[in-house]
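Below you'll find the structure, written out as structure tokens, and then a few comments.
Just the heavy atoms: all of them, side chains too, but no hydrogens, waters or symmetry mates, feed the values below. Since we're looking at a predicted model, the values are computed, not measured.
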Amino acid sequence: MKFTELNERNSTIIEVERKELRTTQDPHVSDDGNQYIAEALDAEGNTYLVTWEVIDHETTDESSACDWDNPVGVTLVK
């Protein structure tokens, strides 16, 4: 999927160091259950792995499971 095809209806959009990232997949729980992870793109087509810390393990509402505006990790993949 292209950056321009991603929007607030089909992507989680965050800003990191003045760069907008848009997830290319729904964030999903890591194997250990302590983080959500997703791949994301920037406007130049670079791929990132974004991680968010789970802040509420008890909720069934994923919208409050993490602080979605503040990932704990953003790693450039390519």
Within a reach of under 6.0 Å around CG of N7, are more than 12 heavy atoms found that belong to other residues, nucleotides or ligands?
-> yes
When you measure from the side chain of S11 to the backbone N and O of E8, does any donor-acceptor pair fall under 3.5 Å?
-> no
For the side chain of T47 and the backbone of L41, is there at least one donor-acceptor N/O pair under 3.5 Å apart?
-> no
Quick one: are [X] and [Y] in side-chain contact, heavy atoms under 4.5 Å?
X: L76; Y: N46; value: yes
X: T12; Y: W52; value: yes
X: V29; Y: Q35; value: no

Which pairs, with at least one residue in residues 33-58 and sequence neighbours excluded, count as a salt bridge (Lys or Arg N to Asp or Glu O under 4.0 Å)?
-> K19-D42, K19-E44
Going through the checks in order, is the side-chain hydrogen bond (donor to acceptor under 3.5 Å, both in side chains) test met by D61 and T59?
-> CA-CA 5 Å; D61 178 5; T59 187; 5.3 Å; no
With rounding to the nearest 0.5 angstrom, report the [atom1] to [atom2] distance, [X] to [Y].
X: I13; Y: E20; atom1: CD1; atom2: CD; result: 5.5 Å
X: W68; Y: I55; atom1: CH2; atom2: CD1; result: 9.5 Å
X: L21; Y: F3; atom1: CG; atom2: CZ; result: 7.5 Å
X: Y36; Y: D26; atom1: OH; atom2: CG; result: 10.5 Å

Treat each ILVMFWY residue as a node, draw an edge where side-chain heavy atoms are under 4.5 Å apart, and state whether I37 and L6 are in one component.
-> no
Between A38 and P27, what is the shortest heavy-atom contact and its length?
-> CB-CA, 3.7 Å
Can you name the closest pair of heavy atoms from H57 and N34 and give their distance?
-> CE1-OD1, 3.4 Å
